[in-house]
Amino acid sequence: MSHDSTAASTQRLRWLVKHVASGPSPTCEDRNIEGGEEWGVLKTTAITWAGWNFREHKVLPEQFWGIRGSEVRAGDVLVTKAGPRHRVGVAAYVDEAPRRLAASGKMILLRPDREVVEPRFLAWILATPQPQAYLDACKTGMAESQMNFANEDLLALRVELPPMEQQRRIADYLDAETARIDRLAHLRRCQIEKFDEHYITTISELTTPGISSVGEPDAFWPWLPASVETGRLGYVARVQTGVTVHGARERTSDDSEYPYLRVANVQGERVDLSEIKTITIPSDMARRSTLRPGDVVMTEANGNPDNLGRGAVWNGEIPNMVHQNHVFAIRVDQSRLIPEYLAVLLAASHGRRYFRFTSAQVGIATTSSSKVLDFPVPVLDLGEQRRIVKQWEAARNRKAHTMNLLTRQLNLLSERRQALINAAVTGQFDVSTASGRNVTDGVTA
């Protein structure tokens, strides 16, 4: 069922709002406001398609306190207008708002005129394909990660409004139905998190039995059981450094173009080869930084300390691959240490705790080649290493299969949610009788 064209009206967004504001974006203290005087400014992460989270804010400098024109109130609609492309144009209805929280310069605060538009319906209609396509066409920026549009672009948007009673019915229906979908999606994300925790526990006990419940701890590494004998990685491996990307380097007659592995290509226990860039360097420089099959690659820095130190085995998928200087290549003596065994050690609790314990943290967690070489490797013969690698590969395959299923379900739920919003807002079905129930029961006029 579509909206009755005689009853619906097309309006510009500027005619539907009583107040529009964008606040400041100064350097702020990254914590929530305290007491009864401090003012906060919202982060763009406060605004998501699943709703808004007022806890995603920072403390404004004192000179910005009291900016009432940008203060968010219950019943407002917030729209992001700056950031990565996929995060620009996200809208959320403000169902509750503590006092003294302001919109930032990276978002637009809309205060709808409740006599002509239901605020919840306005937020829902902004999520549909036509307004999103319009806003996407308005976005400008130097890079996909730095896009924006002007307030006037949003206010010029044309929307089709059904009668107020129908707007409320649609908003009530979508509030209920998307909440159900969001609960299912939350459960799937919890399953993913729990399964990942189970996987880490499994491979941790596989590589260092007893690490989950340490009795007598090791004298040097307190997370390891004292019974685990270790040796320094540097005794059986060396670290190869990579090339420094330097656009101003002078060209030589010996220059050639080589594929090179970047930080973005090293994804935990796997190497992502979906996007490979090239670099032009002399052959001797390339020779010193060329990867060999069996090298274990890992990054020297990570924004998440728990992920620092995780390594993946390079299997020579692309010939003559050099690596960036921010990617370490660990080349092991394979007569004493299997590369895959080192990779699973780095992925397990032992590797994660070692690099978290030894990392330098100024903004992001970093390590060094000397700390990599100091990594304590449990001493096992090659036969035992192969047994562990075989069990690790089986566990990793089970994890990949389960994660793929859960991720597919999350994608289907997301698609279902978006299709439901679009169909309800554009009047493709009667929300009053959808799903065999009357969603207006109990709703007062």
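For reference, positions follow the sequence shown, starting with 1. In this text the structure is predicted, and so the values were computed from the model without any measurement.
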Could you tell me if the side chain of Lys81 sits less than 4.5 Å from the side chain of Asn151, heavy atoms only? yes
Does any N or O in the side chain of Asp153 come within less than 3.5 Å of the main-chain N or O of Ala150, such that one atom is a donor and the other an acceptor? yes
What is the distance from atom CG of Asp113 to atom CD of Glu118, rounded to the nearest 0.5 Å? 12.0 Å
What do you reckon, is NE2 of His19 surrounded by more than 12 foreign heavy atoms closer than 6.0 Å? yes
How about Thr278 and Glu257: does a side-chain donor come under 3.5 Å of a side-chain acceptor? yes
Any side-chain heavy-atom pair of Leu308 and Ser359 under 4.5 Å: yes
How many angstroms lie between CG in Asp430 and OH in Tyr173, if you round to the nearest 0.5 Å? 10.5 Å
What's the shortest heavy-atom distance between Tyr258 and Ile281, and which atoms? CE1-O, 3.5 Å
Where does the angle between the aromatic ring planes of Trp221 and Tyr354 fall among parallel (under 30°), tilted (30 to 60°) and perpendicular (over 60°)? perpendicular
Without hydrogens or angle criteria, can the side chains of Gln240 and His323 be said to hold a donor-acceptor pair below 3.5 Å? yes
Within the 4.5 Å heavy-atom criterion, are Val90 and Trp49 side-chain neighbours or not? yes
Assess, by modelled atom type and distance only, whether the side chains of Asn148 and Lys139 contain a donor and an acceptor separated by less than 3.5 Å. no
As an exercise, state the distance from CG of Leu161 to OG1 of Thr10, rounded to the nearest 0.5 Å. 8.0 Å
Which atom of Asp295 lies closest to which atom of Thr290, heavy atoms considered: OD2-O, 4.4 Å
Got more than 12 heavy atoms from elsewhere within 6.0 Å of CD, Gln267? yes
Do the side-chain N and O atoms of Arg188 and Gln191 include a donor-acceptor pair separated by under 3.5 angstrom? yes
Flag the pair Asp136 and Arg85 as a salt bridge only when some basic side-chain nitrogen lies within less than 4.0 angstrom of an acidic carboxylate oxygen. yes
Does the side chain of Gln130 come under 3.5 Å of the side chain of Thr128 through a donor N or O and an acceptor N or O? no
Less than 4.0 angstrom from a charged side-chain N to a carboxylate O is my criterion; do Arg120 and Asp95 meet it? no
Does this structure show an ion pair linking Asp272 with Arg262, if we count only N-O contacts that are shorter than 4.0 Å? no
Ion pair Arg180/Glu177, N-O distance below 4.0 Å: yes
Note, Asp196 side chain near Met403 side chain (heavy atom, < 4.5 Å): yes
Atom CG of Leu187 and atom NZ of Lys194: how far apart are they, to the nearest 0.5 Å? 12.5 Å
With a 4.0 Å cut-off, would you call Arg68 and Glu71 a salt bridge? yes
Using 4.0 Å as the upper bound for N to carboxylate O, is an ion pair formed by Asp182 and Arg417? yes
Any side-chain heavy atom of Trp124 sitting closer than 4.5 Å to one from Ile170? no
Could you check whether any side-chain heavy atom of Leu109 comes within less than 4.5 Å of a side-chain heavy atom of Val72, counting everything from C-beta outward? yes
Any carboxylate oxygen within less than 4.0 angstrom of a Lys/Arg side-chain nitrogen, looking at Arg100 and Glu38? no
Walk me through it: do Phe357 and Trp223 pass the test ring-ring contact (aromatic ring centres under 6.0 Å, His included)? CA-CA 10 Å; Phe357 182 74; Trp223 57 85; 5.4 Å; yes
Counting C-beta onward and ignoring hydrogens, is there a side-chain heavy-atom pair between Glu317 and Trp314 closer than 4.5 Å? yes
May I have the step-by-step check of side chain to side chain contact (heavy atoms under 4.5 Å, CB included) for Val79 and Leu110, ending in yes or no? CA-CA 8 Å; Val79 185; Leu110 302 173; 4.1 Å; yes
Could you check if a side-chain atom of Glu269 sits within less than 4.5 angstrom of a side-chain atom of Trp392, using non-hydrogen atoms only? yes
